[in-house]
Each structure stands twice: as structure tokens, then as C-alpha cells.
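To start, the structure under review is shown below, and the notes come after it.
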Amino acid sequence: SCYRRSLESADANGLESFAFPSISTGVYGSPAQPAARIAVVTAGEFGPRASKLREIVFCCFSAADLTIYRELLHS
């Protein structure tokens with residue numbers, strides 16, 4: 001729900017762009033693939049309902065994370 005609530009708040013506050021890191025996949029050890037899937041699916045579901053928000057950025061800290069996000073976004 002952190003992704004959904006963050007996007008709702010960003011949109012309600014008139015932001016046009018919002019960026020997410022890969023939440024909890026660093027020192028907290030959450031697996032990157034499931035975490036990325038949650039982020040991408042939630043953003044995809046929220047996008048059509050947004051009134052101001054036009055861009056959602058996924059900030060990747062490694063080439064492996066980037067590969068995961070690219071695969072999810074192109075599927």
C-alpha cells in the first residue's frame with residue numbers, strides 16, 4: 001500500500017512527476033523481483049486514475065534492478 005498511498009498523495013498535491021527507489025531491497029533484503037512487480041503493477045493500476053501525475057520514475061541502483069524493471073515494464 002505504500003506505493004498506492006504515495007501516488008495518491010503525490011497526485012492530490014498536484015505533482016506531475018514522482019520517483020520511487022526499489023523499496024526495501026537493499027539492506028532490508030526483500031527480493032528485487034517481487035518488489036519490482038508490486039511497484040510496476042500498482043503504478044500501472046494508478047496511472048489511468050491520476051489527475052495531475054503524468055510520470056512515475058523507478059530509480060534503480062544496480063544494473064540487475066534495471067533489468068528487472070525493464071522486463072516488467074515491457075511485458
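Everything numeric here is computed off the predicted structure, so don't read it as measured data. Just so you know, residue 1 is the first one in the sequence shown, and it goes up from there.
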List, by chain and then residue number, the residues other than V40 in its hydrophobic cluster (Ile/Leu/Val/Met/Phe/Trp/Tyr, side-chain heavy atoms under 4.5 Å); write none if there are no others.
Y3, L7, L15, F18, F20, I23, I38, F46, L53, I56, F58, I68, Y69, L72, L73

Which other residues end up in the same hydrophobic cluster as V41, if Ile, Leu, Val, Met, Phe, Trp and Tyr are linked when side-chain heavy atoms come under 4.5 Å apart?
none

Could you list all the salt bridge (charged side-chain N to carboxylate O under 4.0 Å, His left out) pairs where at least one residue sits in residues 35-54, not counting sequence neighbours?
none

Summary of salt bridge (charged side-chain N to carboxylate O under 4.0 Å, His left out) pairs that have at least one residue in residues 5-27, sequence neighbours excluded:
R4-E8, R5-E8

T25 versus A32, closest heavy-atom pair with distance
CG2-CA, 3.8 Å

Could you tell me which residues satisfy side-chain hydrogen bond (donor to acceptor under 3.5 Å, both in side chains) with T42, sequence neighbours excluded, listed by chain and number?
none

Not counting sequence neighbours, which residues clear side-chain hydrogen bond (donor to acceptor under 3.5 Å, both in side chains) with S6? List them please.
none

Does the S62 side chain pair with the main chain of D65, one donor and one acceptor, at a distance under 3.5 Å?
yes

